[in-house]
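Notes for the one structure printed next.
Residue indices begin at 1 and follow the sequence shown.
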Amino acid sequence: MTDSIRLILPVAVYLAASMAIALWARKRSCEATSQGFIEEYFLGSRSMGGFVLAMTIVASYASASSFVGGPGVAYRMGLSWVLLAMIQVPTVFLTLGILGKRFAIAARETRSVTITDYLRARYESDAVVILCSLALIAFFLAAMLAQFIGGARLFQSVTGYPYVVGLVLFGISVVLYTAVGGFRAVVMTDALQGLVMTAAVVVVLLAVIKAGGGVAQCVDTLREIDPGLITPTGPGGAIPQTFTLSFWILVGIGVLGLPQTAQRCMGYRDSRAMHRAMIIGTLFIGFMILCVHLAGAFGRAVFPDLPAGDLAMPTLIVELLPPVWAGIFIAGPLAAIMSTVDSMLLLISAAIIKDLYIQFRLRGDASAMPVARLKKTSFAITAGMGLLVVVAAIEPPDLLVWINIFAFGGLEAAFLCPIVLGLYWKRGNAAGAIASIVCGVGTFMALSIVKPDMGGVHAIVPTTLASAAAYVAGSLARPAKKP
């Protein structure tokens, strides 16, 4: 068996397992009515247990940047970036702790299946629904494009196969299993992907530590290269406190505004499952983030002269791992990418079918559409949108990192205040939500394009403040409803 076959075999096995899960999930919806199919296909009949809930949040949050971009920055910045990356550890705990119970209760009371469903019931406004649906579709398409291209480039750099081969291999796979199996397939494959990611980061970290002569020797080598690599602020103070505080907003509080993670709070079985997920998810995401970023930072001690940080992980894989383990590690980033893309793809499909077509064309009555036609339409829309992004990724644009950051910042700008303040402030209303979405997205886009000097403060900080102020001002400008 050649090295190339040994490398690609774990990827093929993983993709086949994902498709098998999708076919199993498909059977669960075969006997459903139209309304039952909607809840099954887009929310898995609200049946997630604690472990699956934890792993699907971890997997949908992790992306190509978690395995390539983040470790690449850690390669250049050293242990300071490992410290900064650990801000992401409370992600699952915050998401479920702040949104989980209230969101699940509200979603069940209003029979909401999507984030936009909840916002429609909360604000009773078609304008809110249309603005949120359009924002979700636009920013998700951009984020999916960046994920597909990043994954295909990583596959190309490690395996030597052409870029298009990697793009088609995992692009078509994720589109098919998401379209075929719906939400249940997505969360079950997310659980598998979370385990694959965890195994991958452990293997590569152990290989790096062994090649570097042990942890102590790696740290000593980093000190010899640049003492700043082992300080909290990085070489030359490259990571100021203002940026660290901004990072708390971007990847800490702001995560509450990401529809792909907030959606998970609708689908768990009961409170016990939620509480278990808070613990399991926090442990898994903390362990995974620590391992992968330490591998990037210690990789500098093993290969100190790489021309770019993004080459760190591909170089470590190719040079330090046997072909089979290299294939397993490739499955790790592919799992991270696929678990992010499948969540986005399903929500785009839900926005088009449930939030726009059924709501405005069928006046909210899913039963008016025969279940066989609904299934075919759901499959066609999900597959069509995914294939559209795959085609767009064949000729990849530059500046993918900024496209991804722009997309996630835009989602947080649009959804954070309407979701969180809508749950916790009864006085909030449609006027406030509309003002928040328009002001938040407008501010973020303006700051991202103009890029003024803000002393290390990320654009998401003034965006969040402006969005929150607009929500409060807009809500107070309209008289409160009488009880």
Side-chain angles (χ1 to χ4, degrees), residues 38-39 41-43 60 103 106-107 110-145 178-179 182-183 186 256-267 341-366 369 374 377-378 380-386 388-389 406-423 428-442 444-445 467 470-471 474:
I38 286 287
E39 187 159 309
Y41 189 80
F42 293 118
L43 206 56
S60 62
F103 208 32
T110 58
R111 299 191 67 184
S112 298
V113 175
T114 66
I115 297 297
T116 313
D117 254 352
Y118 161 74
L119 295 175
R120 176 190 295 112
R122 172 63 179 83
Y123 296 110
E124 300 177 349
S125 168
D126 288 344
V128 171
V129 172
I130 293 172
L131 285 173
C132 287
S133 297
L134 293 178
L136 186 148
I137 293 170
F139 288 122
F140 270 1
L141 286 175
M144 287 168 59
L145 179 65
T178 304
F183 184 86
V186 167
L256 300 174
L258 295 179
Q260 67 268 33
T261 53
Q263 174 84 0
R264 297 322 196 242
C265 297
M266 291 183 176
V341 170
D342 59 22
S343 301
M344 296 178 181
L345 188 56
L346 197 63
L347 283 174
I348 289 177
S349 177
I352 295 172
I353 297 170
K354 178 72 171 64
D355 301 325
L356 296 178
Y357 183 80
I358 290 178
Q359 181 62 29
F360 294 105
R361 180 69 175 174
L362 304 181
R363 298 181 180 180
D365 183 12
M369 192 174 186
L374 182 58
T377 303
S378 300
I381 293 294
T382 305
M385 297 304 293
L388 176 66
V389 179
F406 179 82
F408 276 79
L411 289 168
E412 293 177 2
F415 287 93
L416 179 60
C417 291
I419 290 176
V420 178
L421 295 182
L423 278 175
N429 54 40
I434 293 170
S436 175
I437 295 167
V438 173
C439 183
V441 174
F444 184 77
M445 291 183 69
S467 177
Y471 185 95

Using a 4.5 Å cut-off on heavy atoms from C-beta on, say whether the side chain of [Y] contacts that of [X].
X      : Y      : result
Leu411 : Phe444 : no
Ser125 : Ile434 : yes
Leu258 : Glu412 : yes

From CD1 (Ile353) to CD1 (Ile348), nearest 0.5 Å =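 So the gap between those two atoms works out to 11.5 Å.
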Measure the spacing between OG1 of Thr116 and CG of Leu347 and express it to the nearest 0.5 Å.
->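 Going from OG1 on Thr116 over to CG on Leu347, the span is 8.0 Å.
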With sequence neighbours excluded, residues passing side chain to side chain donor-acceptor pair (under 3.5 Å) with Ser133 |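 Scan of Ser133 (side chain to side chain donor-acceptor pair (under 3.5 Å), adjacent residues dropped) gives none.
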Side chain to side chain donor-acceptor pair (under 3.5 Å) against Tyr471, all qualifying residues, sequence neighbours excluded =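 Here the qualifying residues are Tyr123.
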Identify which one of Thr114, Ile137, Leu119 satisfies the side-chain contact (heavy atoms from CB on, under 4.5 Å) criterion when paired with Cys132.
->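 Only match with Cys132 under side-chain contact (heavy atoms from CB on, under 4.5 Å): Leu119.
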Of all residues at least two apart in sequence or in a different chain, which pass the ring pair (Phe, Tyr, Trp, His ring centres under 6.0 Å) check with Phe139?
->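 For Phe139 the ring pair (Phe, Tyr, Trp, His ring centres under 6.0 Å) partners, ignoring immediate neighbours, are Phe406.
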Using the test side chain to side chain contact (heavy atoms under 4.5 Å, CB included), find all partners of [X] that sit at least two apart in sequence or belong to another chain.
X      : answer
Ala138 : none
Ala435 : Ala470
Val420 : Leu99, Leu256, Leu416, Tyr424

Please lay out, stage by stage, how Leu423 and Tyr118 fare under the test side-chain contact (heavy atoms from CB on, under 4.5 Å).
-> CA-CA 10 Å; Leu423 278 175; Tyr118 161 74; 3.4 Å; yes
With side-chain contact (heavy atoms from CB on, under 4.5 Å) as the test, would you mind laying out the steps for Cys439 and Ser467 before giving the verdict?
-> CA-CA 6 Å; Cys439 183; Ser467 177; 5.8 Å; no
Between the side chain of Arg122 and the main-chain N/O of Gly428, is any donor-acceptor distance below 3.5 Å?
->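 Flag set: sc Arg122 to bb Gly428 pair under 3.5 Å.
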